[in-house]
Amino acid sequence: MAWRKGFEEVANSKPLFLTIYTVVIIGIVVSSFYVFSAIYSANPPSAQSSAWLSSISSDATHVTDQTLNVSQSAAVHTVPPPSPRPRNESPRSIWDDPPPNKKMPPLKDFRLTKELVRQRVKDNAIIVTFGNYAFMDFILTWVKQLTDLGVSNFLVGAMDTKLLEALYWKGIPVFDMGSHMSTVDVGWGSPTFHKMGREKVILIDSILPFGFELLMCDTDMVWLKNPLPYLARYPEADVLTSSDQVIPTVVDDSLENWPEVSGAYNIGIFHWRPTESAKKLAKQWKEMLLADDQIWDQNGFNDIVHRQLGPSVDDESGLVFVFDGKLKLGILPASIFCSGHTYFIQAMYQQLRLEPYAVHTTFQYGGTEGKRHRLREAMHFLDPPEYYNPLGGFLSFKPHIPKNLLLSGEHNVESHFTLVNYQIKQIRAALAIASLLNRTLVMPPLWCRIDRLWYPHPGILEGSMTRQPFLCPLDHVFEVNVMLKKLPEEEFGPQIDFREYSILDNPSLPSEVKKSWLDVQLCKDGTQDCDASASNDTTVGGVLKFPKHSNEEMVFNYISLYLLSCLSI
């Protein structure tokens, strides 16, 4: 054969040529070895990826595949392949809608797994909220506030498939909680409400073993500032929790002084590190709630944490040993991780010159509708464009409040209701005019002299920073949830829509609405120009004057005359 003949020639040649032949042959063998190695190592990634894709649900199988890959690499002396990618596709940017021709993935693709969470983790931290379809607008607001802050390491747990599908098609990272929850608002304190609380605890107990830091939030809160740098200031804390504290124990942005905290620890905002103490707490908390469905999740948390309270971990951090004497807990300052009271009533962060991180819509009296309205008043709620441009337009008015009603005399029940009733009478007239003209009433800012609470108090909470009088939310005076109910028109009259007092200052208000206004001025009947038919400026943005104490027919005629004048311009 050719190879045999070649070797015979080499054997009969001179030593110099023998050396040259040897070098050439060795070079050919080595080159062939590396060529075949390259060919061999170019194919496995896809095969390895396919194998991993089919076995992602089993961590044990994943480890076996990795071991196999390493042994293959060692055999051929190649660089180990890159780590396999998760089964799910690369995470899209938030709000990045899936292609319109794409089908909804199967429900099993949304199961909560370590790999699903890992896709969204940043700096080993994940922010999570959850809810059912009834809280869709709250969840969209929650997501929008975070993305506006440049935060994307979050996930939303869907308690029903309707919410899951809706969030998926909006490009929001979502997972299935398998709760099979109703899609309607269950109401605070109902059995279904308590079930939602237990689901939260189960969720915490499920995520902590993944090894990631968890910032768990309710959907009825919004982020105003990225909280992760603040939480990173306390690396020794196992748990950092918000609270219902309404009396400040610190005046800066440090943790609350725990011995002075009298309010309940509020589990609407709290941060967990995956330590053994934290996982032990989550497990025992879950077991407590599953054993007794009458226990409210927040009460259960407070009870179990307070099994031991103290001593302080050190002299500086503000952390305290709780629960089993090993868990290190910190209480977030209520001035900047705000409750509904410290934010909307006391405006504690303003008085202390601090920047708030979050507001949780607690301490309010109008159910879910009241929470929504509070966030709208603060211009923190995400509404669709049509909310800012209702059919028929807006009607707003500037209330008149005598100085003595605000400031004179003692702040007591009598002076408070005198002030409030004076404002209600003006709002009543405005509601009647809005109904007559088929317009949406912009509620005025309301002033109160005493606080509203569920329990007896001396007007305001002693030790709090509530000022008197103070700008009070609408739910302090009106039953917002009742006003928004669709009631039989034959019994209650036509529905009168209304908006929050701040809507005309909201950046989301369309420019065409801002420019399209008419200033209506009441004047004394019989004085010059006090007649809608006389020399009124009927241009857009003009002034319309008509007499005080006009009746329903006169108001309707004056406004109609103005509208006809505008159409004729």
Side-chain angles (χ1 to χ4, degrees), residues 43-59 61-62 65 81-122 125-184 199 203 206-207 210 212 214 217 219 223 381-387 508:
N43 293 327
S46 59
Q48 292 161 359
S49 177
S50 298
W52 188 85
L53 287 172
S54 64
S55 61
I56 184 63
S57 61
S58 171
D59 289 341
T61 306
H62 177 61
D65 286 350
S83 300
R85 293 173 63 182
R87 174 177 59 180
N88 294 344
E89 60 192 52
S90 300
R92 304 184 309 272
S93 299
I94 311 298
W95 305 110
D96 184 10
D97 297 349
N101 59 347
K102 184 173 181 179
K103 293 183 178 180
M104 180 74 188
L107 199 60
K108 62 183 178 62
D109 286 3
F110 296 93
R111 285 181 300 188
L112 182 66
T113 64
K114 183 175 181 178
E115 293 304 325
L116 185 146
V117 178
R118 191 197 304 277
Q119 290 182 39
R120 301 244 55 100
V121 163
K122 181 179 179 182
I126 188 73
I127 309 174
V128 175
T129 193
F130 67 99
N132 66 350
Y133 188 79
F135 285 85
M136 174 78 169
D137 53 352
F138 282 89
I139 291 171
L140 294 179
T141 299
W142 187 87
V143 171
K144 181 66 163 55
Q145 294 289 104
L146 280 177
T147 53
D148 285 352
L149 294 169
V151 179
S152 60
N153 51 322
F154 60 81
L155 279 168
V156 178
M159 305 187 81
D160 60 77
T161 54
K162 186 177 181 180
L163 175 65
L164 187 144
E165 292 181 4
L167 293 180
Y168 171 79
W169 289 115
K170 287 186 175 294
I172 294 173
V174 60
F175 65 92
D176 177 30
M177 293 180 64
S179 306
H180 308 292
M181 181 71 70
S182 167
T183 60
V184 300
E199 294 282 349
L203 188 56
S206 299
I207 294 178
F210 294 162
F212 307 124
L214 171 63
C217 323
T219 55
W223 292 107
F381 202 76
L382 179 65
D383 277 302
E386 56 269 23
Y387 179 82
S508 297

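In this text, all values refer to a predicted model and were calculated from it rather than measured experimentally.
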> Yes or no on side chain to side chain contact (heavy atoms under 4.5 Å, CB included) for Phe210 and Val121, after CA distance, side-chain angles and deciding distance?
Replying inline: CA-CA 11 Å; Phe210 294 162; Val121 163; over 6 Å; no
> Does the pair Ile207 and Val128 meet the rule for a side chain to side chain contact (heavy atoms under 4.5 Å, CB included), with working shown?
Replying inline: CA-CA 10 Å; Ile207 294 178; Val128 175; 4.2 Å; yes
> Which is it for Trp95 and Lys144 under the side chain to side chain contact (heavy atoms under 4.5 Å, CB included) test, yes or no, and what are the steps along the way?
Replying inline: CA-CA 9 Å; Trp95 305 110; Lys144 181 66 163 55; 4.0 Å; yes
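Using a 4.5 Å cut-off on side-chain heavy atoms (C-beta onward), Leu140 and Gln145 make no contact. Side-chain contact between Phe212 and Arg118: present, with at least one pair of heavy atoms (C-beta onward) separated by less than 4.5 Å. Using a 4.5 Å heavy-atom cutoff, the side chains of Tyr168 and Lys102 are in contact. Between Phe110 and Leu164, some side-chain heavy-atom pair lies under the 4.5 Å cut-off. For the pair Ile127/Cys217, a side-chain contact is recorded, criterion being any heavy-atom separation below 4.5 Å from C-beta on.
The distance from the CG atom of Leu163 to the CE atom of Met177 is 10.5 Å, given to the nearest 0.5 Å. Atom CD1 of Ile94 and atom CG of Leu146 lie 9.5 Å apart (nearest 0.5 Å). Interatomic distance, CZ of Phe175 versus CG of Leu155, reported as 6.0 Å (0.5 Å rounding). Remark: Asp97 CG to Lys170 NZ distance equals 7.5 Å, nearest 0.5 Å. Note that OH of Tyr387 is 12.0 Å distant from CG of Leu382, once rounded to the nearest 0.5 Å. With rounding to the nearest 0.5 Å, the separation of OG1 in Thr219 from CE in Met136 is 12.5 Å.
For Val156, the side-chain contact (heavy atoms from CB on, under 4.5 Å) partners are Thr129, Ile139, Trp142, Val143, Leu167, Ile172, not counting sequence neighbours. Here Phe130 pairs with nothing under the ring-ring contact (aromatic ring centres under 6.0 Å, His included) rule; sequence neighbours left out.
Asp137 places no side-chain N or O within 3.5 Å of a backbone atom of Asp383 that could act as its donor or acceptor partner. Side chain of Arg120 to main chain of Val117: no donor-acceptor pair is present (N/O by atom type, distance under 3.5 Å, no hydrogens or angles).
When all heavy atoms are compared, the tightest approach of Leu116 to Arg111 is CD1-O, 3.3 Å.
Taking the centre and axis of the six-membered ring of Tyr133, the NZ or CZ atom of Lys162 falls inside the cone set by 45° and 6.0 Å.
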